[in-house]
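Keep in mind that what you see is a predicted model, and the values were worked out from it rather than measured. Hydrogens, waters and symmetry mates play no part in the numbers below; they use all other heavy atoms, side chains included. Order of the sequence lines sets the chain letters (A, B, ...), proteins ahead of strands, with each chain counted from 1.
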Amino acid sequence: MSNLASRYNPAEVEEKWYAHWEYRGYFHSEPDDREPFSIVIPPPNVTGILHMGHMLNNTVQDILVRKARLDGKNACWVPGTDHASIATEAKVVRMLREKGIKKSDLTRTEFLKYAWEWTDKYGGIILKQLRRLGASCDWERTAFTMDDSRSSAVIQAFIDLYDRGKLYRDYRMVNWDPEGQTVLSNEEVLYSDETTTLCYVKYRVEGSDETITIATTRPETIMGDTAIAVHPDDPKYARLKGQNVIVPIVNRVVPVIFDDYVDREFGTGALKITPAHDPNDYEIGKRHELPTVDVLNPDGTMGEAATVYIGEDREVARKKLIRDLTEQGLMEKTEAYTHSVGRSERTNAIVEPRLSLQWYVDMKALARPALEAVISDHIQFHPERQKNIYRHWMENIRDWCISRQLWWGHRIPAYYYKDKVYVAKTREEALMLAEQDYGPMLDSHDLKQDEDVLDTWFSSWLWPITCFNGFENEKELSYYFPISVLVTGWDIIFLWVARMIMSGFEWKNDRAFKEVYFTGMVRDQQRRKMSKSLGNSPDAVDLIDRFGADGVRFGVLSSSPAGGDLLFDEKLCEQGRNFCNKMWNALRLIKGWEVDNSADNQDNRIAIRWIESRLSEILADLEDDYMNYRLSDITMKLYSFVRDDFCSWYLEMIKPQYGKGIDQDTLDKTIRIYSQVCTMLHPLMPFITEEIWHNLKPREEGEDCMISCYPKASDRDELLLRSMRSVQNLVSSIRETRNTKNLKPKEILPIYVQDNGQNLFSDDRFHAILKKLSFISEISVVTDLPPNGSSILSDNEKYFLQYDVEIDLDAEKARILSDLEYAKGFVASVQRKLSNDKFVNNAPEQVVSKERKKLADGLERVKILEENLTALQ
RNA sequence: GAGGGUAUAGCUCAGUUGGUUUAGAGCGCUUGCUUGACAGGCAAGAGGUCGGCAGUUCGAGUCUGCCUAUCCUCACCA
C-alpha cells in the first residue's frame with residue numbers, strides 16, 4: 001500500500017507547483033518561429049480584489065493558454081491592471097475624507113501623491129490572487145495603464161486622433177456625476193426604475209387669477225424655469241397664447257410657449273422648461289431662444305442662482321420646496337411616480353444633466369470597419385448572438401465623451417493660449433506651436449494645459465496594442481497581433497470590446513482579435529448579479545482555501561456553458577474537490593500495486609486496448625469543444641471519463657486480486673494512460689494533474705505535465721467499443737437484478753450465456769472480458785442452463801442468472817409483459833414508418849436501413865420476450 | 001419605443017446543419033452497500049405529453065408563424 005494520505009491536500013501542492021512553473025520560466029513567452037497564441041487580460045482595477053467574475057474570466061483564459069501551450073504553440077498571456085480613473089479616485093477621496101482631508105484642500109500634485117501611495121499599497125493584490133487560481137500569465141510583461149509605456153501611447157493616440165480630425169470639443173448637455181464631480185460617458189450611466197414624487201405645481205398666469213398646473217419630479221429646479229410649454233394643438237391651453245406665467249419661489253415672469261414635443265396626455269399636458277437641467281428642455285430652449293438659468297453647483301448642491309437653500313443638497317432642497325410650495329398653496333397634489341433614474345456606475349450618485357464643454361471622439365468613421373469585421377465573422381464572436389447586440393449599438397453609435405474632471409488618470413495633452421488649442425506631447429512642443437502663431441514674446445504662463453484627464457477606457461481601448469508596447473515597437477506586436485482570443489464578460493461589450501476593435505483598425509489597420517469569447521455573468525441562486533453592494537459574492541480566496549484552486553476551477557467551469565450566465569453554487573466547488581480526491585485515490589491505487597511478472601497479462605491487453613480507444617474517442621470530441629468554447633462540456637466529459645471509464649471500468653478490470661501483483665507491461669501502460677489523462681485535464685485543473693503526473697513515476701528535470709505534449713486522437717477499435725458497451729449493459733442488468741432481488745453483492749452467482757451465434761461470447765476475443773467481468777460483477781459463467789435461472793436481456797442477448805431466491809412468478813410475468821408491450825409498440829411504429837412509401841423513397845438510404853435494423857432488432861426482442869413469457873407458464 | 005435572448009426532469013443546463021414511438025448530464029431525491037484506492041466513495045432506481053396553438057415535411061425538442069411567460073440591451077420618460 002502506498003503511503004499517500006487518503007485525502008488530497010491541495011494547499012501545499014498548489015504553492016509548490018506554481019513556484020516550480022514560475023522558476024522554470026514556463027509562463028514567459030518571446031517571439032520565435034512557433035505559432036503564436038496571445039491573450040491579453042481584461043485589466044482589473046489596480047486596487048481591486050478578486051471576485052467571482054474574475055475567477056470565471058481568468059479560469060477560462062488560463063485554460064485556453066495552457067491548452068495552446070500543450071498544443072506546442074508559443075502562448076503568451078499578458079497580465080496587467082487598469083488605473084480605473086474614477087473608481088480609484090473615489091476610493092482615495094474616501095480614504096482622505098476618513099483622515100479628515102478634503103480633496104478640495106489639496107493641490108493636484110498633493111492629491112496625486114496620495115493616489116500613488118494608495119496604488120502602491122493596494123495595487124497588485126489582485127495579481128497575487130490570480131496566482132492562487134493558477135493563472136499562467138507572463139508576469140514579466142505585467143502592464144499598467146498608467147505606466148510610462150502605456151501613458152505615452154495614450155497621449156500619442158489622443159494626438160493622432162486630433163491630427164486626423166477625429167477629436168473635437170463641444171459645449172453640450174452631459175451626464176454629470178455630482179459626487180465624483182465629473183462628466184460620464186453614456187455607457188457609464190446605469191438606469192433603473194425608482195419611485196419618486198411627482199408634484200403638480202400651480203403657476204400663476206401674469207395679470208390674472210388663473211393658474212396653470214405643471215407636473216414635475218424635480219421641484220428643486222423650478223428656480224431655473226424659463227418657460228412653460230404646452231402642445232400647440234391642445235385646446236385646453238389655446239387661450240394662453242402670448243401670455244406669461246410667474247415662476248413660484250423666484251417670481252420670475254416667463255412666457256408660455258407652444259411646442260409639439262409636449263405630450264398632451266402626460267400629467268396636465270403642461271411642462272415646465274428648465275434648459276439648464278434637462279436635455280429636452282435644453283433643446284426646446286434653443287428652439288425658442290430661452291435663457292438658461294443653472295441653479296445647481298457642480299457638487300449637486302443648490303447654487304446662487306437658486307436664491308433659496310443655497311448650499312443645500314438637491315435632495316434636501318427638493319423636500320423643502322415641496323413643503324414650501326404646499327404652504328404657499330401652490331401644490332395642487334403629489335403622487336408616487338416610478339420612472340427610470342440614471343446613476344453613476346462608480347459612485348452610484350444620481351446623474352445630473354449639465355451643460356459643459358468636453359472633448360469628444362467622432363465615432364462614426366471609427367465604427368465602420370469595426371462593425372464590418374464582426375458582421376462578416378472576420379472577428380468571430382462566441383456566442384454568436386452577441387453580434388446582434390454589437391450591431392445595434394454600432395449602427396446607432398454616438399460620439400464618445402472622453403474628458404473627465406478628475407486628477408487620477410492621463411492628463412489631456414491640450415494646451416490653451418488665448419482662444420487657440422494646441423495638442424502636443426509636451427508643454428514645450430505646445431509652446432513652440434503657440435509661438436508660431438503669437439511670436440516668441442508670449443508669456444508662457446498664459447499657456448494652460450487642460451485640467452482634465454481622459455476616460456479610463458481611453459487607455460484600455462488601446463490595450464491589445466499597448467500590452468506589446470505597440471506604439472513604440474513593431475517587432476513584438478507584429479508577432480502577437482491580432483490577439484488570438486479575447487475573453488471577457490458581455491457587460492463591457494460597448495465600454496471596452498467595441499472600442500478595442502475600433503482602435504485596432506484605427507492604428508493597426510487590422511482586427512484586434514481573431515475571436516472574442518463572452519462569458520456570462522456570475523449570479524447567485526436568486527439570479528442576482530454578484531456585486532459588492534449586495535454582498536452576495538463569496539470570497540474568492542476563501543473558496544480556494546476550502547476547495548483548492550482546482551476544485552474551484554472545476555466548480556466555475558462545470559456550469560459555464562459557452563456564454564450563458566452562471567448560477568454559482570458552492571456545491572459545484574465541492575464536487576470539484578471530490579473529483580480531485582477521486583483522481584488522487586486512483587493514483588494511490590496504482591502506486592500500491594506490486595509488480596509480479598508471473599501474473600498473466602493476457603486479459604489486460606483487451607482492457608488497455610479498450611481504454612485507449614475510449615481516450616481516442618473523447619479526444620476528437622474535446623478538440624471540437626475547444627473550437628466552440630464549450631468548456632463545461634469539456635469538463636463534464638473528462639469528469640465522466642475519469643470517474644466512469646478509467647476508474648470504474650478500466651482500473652477495476654486490471655486491478656489485481658487481493659494479495660496479487662500486476663505485470664510490468666500493464667502497469668507501464670496504465671501509467672502512460674493516466675499521464676495522458678493528466679495532460680488532457682491539465683488546462684482545467686493544473687495543480688492536481690501536475691502532482692499526479694510526478695507521482696506516477698520518476699520524471700526528468702523539466703519533464704512537467706504543464707509542458708507535456710497534448711495527446712492526439714489515434715485509431716480506435718470500434719468493435720471493441722461497441723462490445724464493451726454491451727458488456728456494461730449486461731453488468732448493469734446483473735447489478736439491477738441483485739438489487740431488486742436483495743442479493744448479497746459479493747455472492748457469486750452462476751450465469752449461463754445462451755449462445756445465439758451472435759452474442760459477445762461467441763467471439764474468442766472477448767473471453768478475456770468475460771473473465772474480467774466475472775471479477776467485477778461477482779459471477780461465474782456456467783455451461784449448463786441452471787435449473788432455477790432468471791433471464792436477463794442485455795441488448796438482444798439472453799443470459800440466465802441463477803440465485804437462491806424464490807421467484808415471484810406474477811411479478812416476473814408483469815415485468816416481461818410490460819417490456820413486451822413496449823417492444824411491440826416500438827415495432828409497430830417502425831413498421832408504420834417503413835410501410836410508408838414516401839418515407840422509403842424520400843429518406844436517405846442510411847436512415848431507411850437504420851430503421852430496418854431497428855425493426856429486425858425489435859422483432860427479435862419481441863420473440864425473446866415471448867419465449868421468456870412462455871417459459872414462465 | 002427599437003432590438004435581442006430564453007422556455008426540455010424538483011433545480012441548473014446539454015441536445016452541434018430536422019431522422020430512435022426508448023430525449024441526456026450534473027446536483028437533489030429513493031434504495032442497497034464499509035477489512036482490499038476513494039463514504040469527499042460504490043451500485044441501482046424513480047422522475048419529462050421538450051411553454052401553448054397552427055404550419056412546412058415521409059419525419060419536428062430541433063425549421064416557420066402567431067400567442068403566452070420571462071430575461072437582457074439601447075433609447076425615452078414631466
Quiz item: Relative to each other, are the rings of A:F646 and A:Y650 parallel, tilted or perpendicular (30° and 60° limits)?
Solution: parallel
Which pairs, protein N/O on one side and nucleotides 44-51 of chain B N/O on the other, fall under 3.5 Å?
from: B:A44; atom 1: OP1; to: A:S732; atom 2: OG; distance (Å): 3.0
from: B:A44; atom 1: O4'; to: A:N739; atom 2: ND2; distance (Å): 3.0
from: B:G45; atom 1: OP1; to: A:E736; atom 2: OE1; distance (Å): 3.4

Practice problem: Would you kindly give the CZ-to-C1' distance between A:F646 and B:C38, to the nearest whole Å? | Solution: 14 Å
Practice problem: Starting at atom CG of A:D857, determine the distance to atom P of B:U21, rounded to an integer number of angstrom. | Solution: 14 Å
[X] vs [N]: side-chain N/O to OP1/OP2 distance below 4.0 Å:
| X | N | answer |
| --- | --- | --- |
| A:R385 | B:G5 | no |
| A:K655 | B:A37 | yes |
| A:R527 | B:U6 | no |

Practice problem: If a protein heavy atom is under 4.0 Å from the base, mark B; if only from the sugar-phosphate, S; if neither, -; do that for nucleotides 23-30 of chain B going 5' to 3'. | Solution: ---SSS--
Quiz item: Can you give one letter per nucleotide of nucleotides 71-76 of chain B, going 5' to 3': B for a protein heavy atom under 4.0 Å from the base, S for sugar-phosphate only, - for none?
Solution: --SSSB
Quiz prompt | Whichever of A:N581 and A:K838 has its nearest RNA chain B nucleotide further upstream toward 5' | solution = A:N581
Quiz item: Nearest nucleotide by nearest heavy atom, which residue falls closer to the 5' end of RNA chain B, A:L567 or A:N842?
Solution: A:L567
With the side chain of [X] defined as its heavy atoms from C-beta on, choose the nearest nucleotide among [options].
| X | options | result |
| --- | --- | --- |
| A:A843 | B:C58, B:G36, B:C38 | B:C58 |
| A:Y658 | B:A37, B:G15, B:G36 | B:G36 |
| A:R630 | B:A14, B:G40, B:A78 | B:A14 |

Practice problem: Could you walk me through whether A:L240 and A:Y237 pass side chain to side chain contact (heavy atoms under 4.5 Å, CB included), step by step? | Solution: CA-CA 5 Å; A:L240 293 175; A:Y237 299 116; 3.7 Å; yes
Expected list for residues 190-198 of chain A: side-chain donor-acceptor pairs under 3.5 angstrom, two or more places apart:
from: A:E194; atom 1: OE1; to: A:R343; atom 2: NH2; distance (Å): 3.2
from: A:E194; atom 1: OE2; to: A:R343; atom 2: NE; distance (Å): 2.7
from: A:T195; atom 1: OG1; to: A:T338; atom 2: OG1; distance (Å): 2.9

Self-check item: Any N/O donor-acceptor pair, A:E265 side-chain to B:A78 base, under 3.5 Å
Solution: no
Quiz item: With A:Y203, which residues qualify under ring pair (Phe, Tyr, Trp, His ring centres under 6.0 Å), at least two apart?
Solution: none
Quiz prompt | Flag side-chain contact, heavy atom, 4.5 Å: A:Y517 against A:N628 | solution = no
Quiz item: How does RNA chain B look in dot-bracket notation if pairs are Watson-Crick or G-U with both distances under 3.5 Å, crossing ones as [ ], other-strand ones as |?
Solution: (((((((..((((.....[....)))).(((((.......))))).....(((((..]....))))))))))))....
Quiz prompt | Donor-acceptor contact present, side-chain A:E188 to main-chain A:S185, <3.5 Å | solution = yes
